[in-house]
Structure formats: C-alpha cells, structure tokens
Amino acid sequence: MSDANNTAGDKNNAAGDANGVNPEKDLSAENLPGQRGRGGEEIRVQRGMFGANNGGDTSGYGGLVRSVRLPGPAARPYGGWFDEVADELEGALEEQGLLPENAIEKTVVDRDELTFHIEREHLVRVARTLRDDPALRFELCTGVSGVHYPNDKGRELHAVYHLRSITHNRLIRLEVSAPDSDPHIPSLFSVYPTNDWHERETYDFFGIVFDGHPALTRIMMPDDWQGFPQRKDYPLGGIPVEYKGAQIPAPDQRRSYS
C-alpha cells in the first residue's frame with residue numbers, strides 16, 4: 001500500500017516537474033512573490049531585467065517583459081489593527097474639521113503593509129495627528145525615502161515616510177507624490193525633527209524640495225553638483241574619476257556591449 005502511494009506521488013511530482021509547476025503549491029497570480037495579478041495601476045512595461053533600452057542589458061534576461069504596477073486602493077475590512085488605525089485617523093481628522101477623503105488620497109494594503117497616500121498640502125496635519133492622538137501614537141519617523149517613477153505622469157516623484165508607534169508596536173507608511181514640474185512637499189521637520197538629515201538626503205538625490213526645512217542643502221554630493229543621481233532619468237556613468245593620480249575614463253568610454 002505504501003509503495004503504491006509512493007509510486008503515485010512520484011508520478012504526480014514528475015508530471016509537475018515536467019510542466020514547471022510545484023504540485024504542492026497554489027500558483028495563482030496572487031500567490032507568486034512580487035506579483036499583483038491584474039490589480040493595481042500599470043505605469044509602464046519593462047523589458048529586460050533592469051529596463052535598459054540601449055542594448056546594455058548584460059543580465060541574460062533581455063527578453064523579459066513585465067508590467068510595472070503600483071498597488072491600487074484596498075477595500076474594507078483591511079484586517080487586523082489596520083482598520084483600527086484607519087478609523088481613528090479618519091475620526092481625528094473629522095474632529096479637526098477636515099474631511100478624510102480630502103486628505104487621504106487612498107489607503108493601500110499590500111504585502112501585509114498599510115500605506116496612507118496623503119495629499120501633500122495636508123501632510124503636516126496628518127503626521128501631527130498620527131503622532132499626538134492617544135489611540136495612534138506614531139512617535140517615531142524612521143526617515144523619508146524618495147522614489148522616481150518617470151512614467152507616473154503628474155506624480156513622478158514620491159516621498160515615503162515610515163512611522164513607528166513604540167506605544168502600540170505598529171508600523172505604517174505615508175506616501176506623498178509631486179510632479180517633476182513642481183517638486184515641492186512640505187517638510188516634516190516641525191513634527192519629526194530627525195527628518196532634518198533624511199529630507200536633505202532625499203533632496204540631494206531626488207530633487208524633492210521640502211518646503212519649510214531649516215537648511216535644505218546637499219548632504220552627500222558637492223554643492224555645485226548638477227542633477228539628482230537617483231532619478232531614473234539620470235545618466236549612468238559618463239563621469240571620469242581621478243584615483244591616486246591616475247585618470248580613469250568614464251564608464252561609457254571603458255566598455256561597450258554589442
């Protein structure tokens with residue numbers, strides 16, 4: 001009996017392997033890592049591993065084609081304590097005379113993480129509410145990260161804030177967008193003073209201007225540096241480097257790919 005079961009199992013495994021499918025795994029689109037199926041908003045189609053379009057993709061995946069999607073808004077119930085935080089935030093904003101839908105563009109639950117997309121003019125008020133409300137108490141902002149989506153028209157630049165509640169042991173994110181043509185987002189220095197350095201770094205690399213920052217200057221690159229190195233449209237290489245007296249040519253002059 002045992003041998004018969006093992007034989008049947010071997011046949012199933014062989015069939016699964018032949019089709020490139022794990023027979024013990026549900027391979028729906030939502031179950032695959034890094035996939036969102038048909039949900040979300042497609043902002044571009046990427047070809048190759050890194051999106052290089054000039055023949056410079058040396059990864060071996062030049063034929064890969066995939067959609068780049070931003071996750072769409074979630075529907076209630078969000079699950080767990082996410083609903084509690086969302087309800088409390090919306091209620092606190094209403095008490096201040098601000099309609100939640102005017103401040104919160106959308107609420108996203110993706111990969112078990114909660115993100116509030118905030119209209120930039122209301123960012124400071126929302127952050128202060130999240131910090132001060134007793135039921136929320138997100139006392140710590142661990143920094144702001146910049147993201148550049150050149151094909152996300154009208155909101156190419158994103159700033160993502162990671163907020164932690166030490167009181168309630170919770171972690172959420174705020175995300176704010178701005179267009180390339182008007183890269184201004186209010187500074188959260190007055191709410192979370194440690195953002196002083198993080199906002200300077202994000203300005204330095206992405207060109208996001210944090211209005212109200214006490215000293216928004218470059219922190220990594222030289223003061224006279226042209227451009228913002230972590231934007232997706234920033235040229236890769238092309239800058240010669242002097243190393244111990246030797247002049248090293250720019251990367252685009254050192255090698256070429258056919």
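Everything numeric here is computed off the predicted structure, so don't read it as measured data. Below, all heavy atoms of this structure are taken into account, side chains as well, without hydrogens, waters or symmetry copies. Counting begins at 1 with the first residue of the sequence.
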Show the atom names and distances, to 0.1 Å, of all donor-acceptor pairs under 3.5 Å that link a side chain in residues 156-164 to residues at least two apart or in another chain.
residue : atom : partner : partner atom : Å
Glu156  : OE1  : Asp180  : N            : 3.0
Glu156  : OE2  : Gly154  : N            : 3.2
His158  : ND1  : Glu175  : OE2          : 2.7
His158  : NE2  : Asp152  : OD2          : 3.0
His158  : NE2  : Arg155  : O            : 2.9

Using a 4.5 Å cut-off between side-chain heavy atoms of Ile, Leu, Val, Met, Phe, Trp and Tyr, which other residues end up in the same hydrophobic cluster as Val45? Val65
Does any non-hydrogen side-chain atom of Leu171 lie less than 4.5 Å from one of Phe138? no
Separation between CG (Leu98) and NE2 (His122), nearest 0.5 Å, reads 5.0 Å
Heavy-atom closest pair (Pro183 atom, Ser181 atom, distance to 0.1 Å) is CD-C, 3.8 Å
On a heavy-atom basis, which atom in His168 and which in Pro134 lie closest, and how many Å separate them? NE2-O, 3.4 Å
So, the side chain of Glu201 versus the backbone of Ile219: is there a donor-acceptor pair under 3.5 Å, distance only? no
Are the side chains of Thr115 and His117 in contact, using a 4.5 Å heavy-atom criterion? yes
Do Ile208 and Leu174 sit in the same hydrophobic cluster, where Ile, Leu, Val, Met, Phe, Trp and Tyr count as joined when their side-chain heavy atoms come under 4.5 Å apart? yes
Would a 4.5 Å heavy-atom cut-off, applied to side chains only, mark Ile104 and Leu89 as touching? yes
Side chain to side chain contact (heavy atoms under 4.5 Å, CB included) between Val209 and Ile185: does it pass, once the steps are laid out? CA-CA 6 Å; Val209 179; Ile185 291 176; over 6 Å; no
Following the transitive rule for hydrophobic clusters with a side-chain heavy-atom cut-off under 4.5 Å over Ile, Leu, Val, Met, Phe, Trp and Tyr, establish whether Tyr192 and Val124 coincide in one cluster. yes
Please collect all salt bridge (Lys or Arg N to Asp or Glu O under 4.0 Å) contacts where either partner lies in residues 209-230, sequence neighbours excluded, each pair once. Asp204-Arg218
Side-chain heavy atoms of Glu199 within contact of Leu188, under 4.5 Å: yes
To the nearest 0.5 Å, how far apart are OG in Ser165 and CD1 in Ile172? 9.0 Å
Atom CZ in Phe206, atom OH in Tyr234: separation rounded to 0.5 Å? 13.0 Å
Evaluate the criterion side chain to side chain contact (heavy atoms under 4.5 Å, CB included) for residue pair Phe210 and Asn195; output intermediate values, then yes/no. CA-CA 11 Å; Phe210 293 94; Asn195 263 15; over 6 Å; no
Give every residue pair that meets the salt bridge (Lys or Arg N to Asp or Glu O under 4.0 Å) criterion with at least one member in residues 124-136, sequence neighbours excluded. none
Using the rule that Ile, Leu, Val, Met, Phe, Trp and Tyr join whenever any side-chain heavy atoms are under 4.5 Å apart, tell me whether Leu99 and Phe116 fall into a single cluster. no
Looking only at heavy atoms, the pair that brings Val126 and Ala103 closest together is CG2-CB, 4.1 Å
Report the C-alpha distance between Asp196 and His213 in whole Å, list the side-chain angles of each, state the deciding distance to 0.1 Å, and finish with yes or no for side chain to side chain contact (heavy atoms under 4.5 Å, CB included). CA-CA 7 Å; Asp196 182 354; His213 189 284; 3.0 Å; yes
Let me confirm one number: the OG1-NE2 distance from Thr142 to His198, rounded to the nearest 0.5 Å. 7.0 Å
Could you pull out the closest heavy-atom pair between Arg200 and Ala215, with the gap in Å? CD-O, 3.6 Å
Mind running side chain to side chain contact (heavy atoms under 4.5 Å, CB included) on His184 and Arg120 for me, showing each step along the way? CA-CA 9 Å; His184 290 264; Arg120 54 179 171 170; 4.3 Å; yes
Might you confirm whether atom CG of Asp112 has over 12 heavy atoms from other residues, nucleotides or ligands at distances under 6.0 Å? no
Any pair counted as side chain to side chain donor-acceptor pair (under 3.5 Å), so long as it reaches residues 92-102, sequence neighbours left out: Gln96-Thr129
Quick one, Pro150 and His148 - any side-chain contact, counting heavy atoms below 4.5 Å? yes
Cluster overlap Phe189 with Tyr203, hydrophobic side-chain contacts below 4.5 Å: no
Test of understanding: clusters of I, L, V, M, F, W, Y form through side-chain heavy atoms closer than 4.5 Å, transitively. Do Leu130 and Val109 belong to the same one? yes
Less than 3.5 Å apart, which donor and acceptor atoms pair up between the side chains of residues 74-87 and the rest of the protein, not counting sequence neighbours?
residue : atom : partner : partner atom : Å
Arg76   : NH1  : Asp83   : OD1          : 3.3
Arg76   : NH1  : Asp87   : OD1          : 3.0
Arg76   : NH2  : Asp87   : OD1          : 3.1
Arg76   : NH2  : Glu90   : OE2          : 3.4
Asp83   : OD1  : Tyr78   : N            : 3.0
Asp83   : OD2  : Tyr78   : N            : 3.0
Asp83   : OD2  : Gly79   : N            : 2.8
Glu84   : OE1  : Arg170  : NH2          : 3.1

Beyond-backbone contact of Ile118 with Lys106, side-chain heavy atoms, under 4.5 angstrom: no
Is the closest side-chain heavy-atom distance between Leu114 and Arg173 below 4.5 Å? no
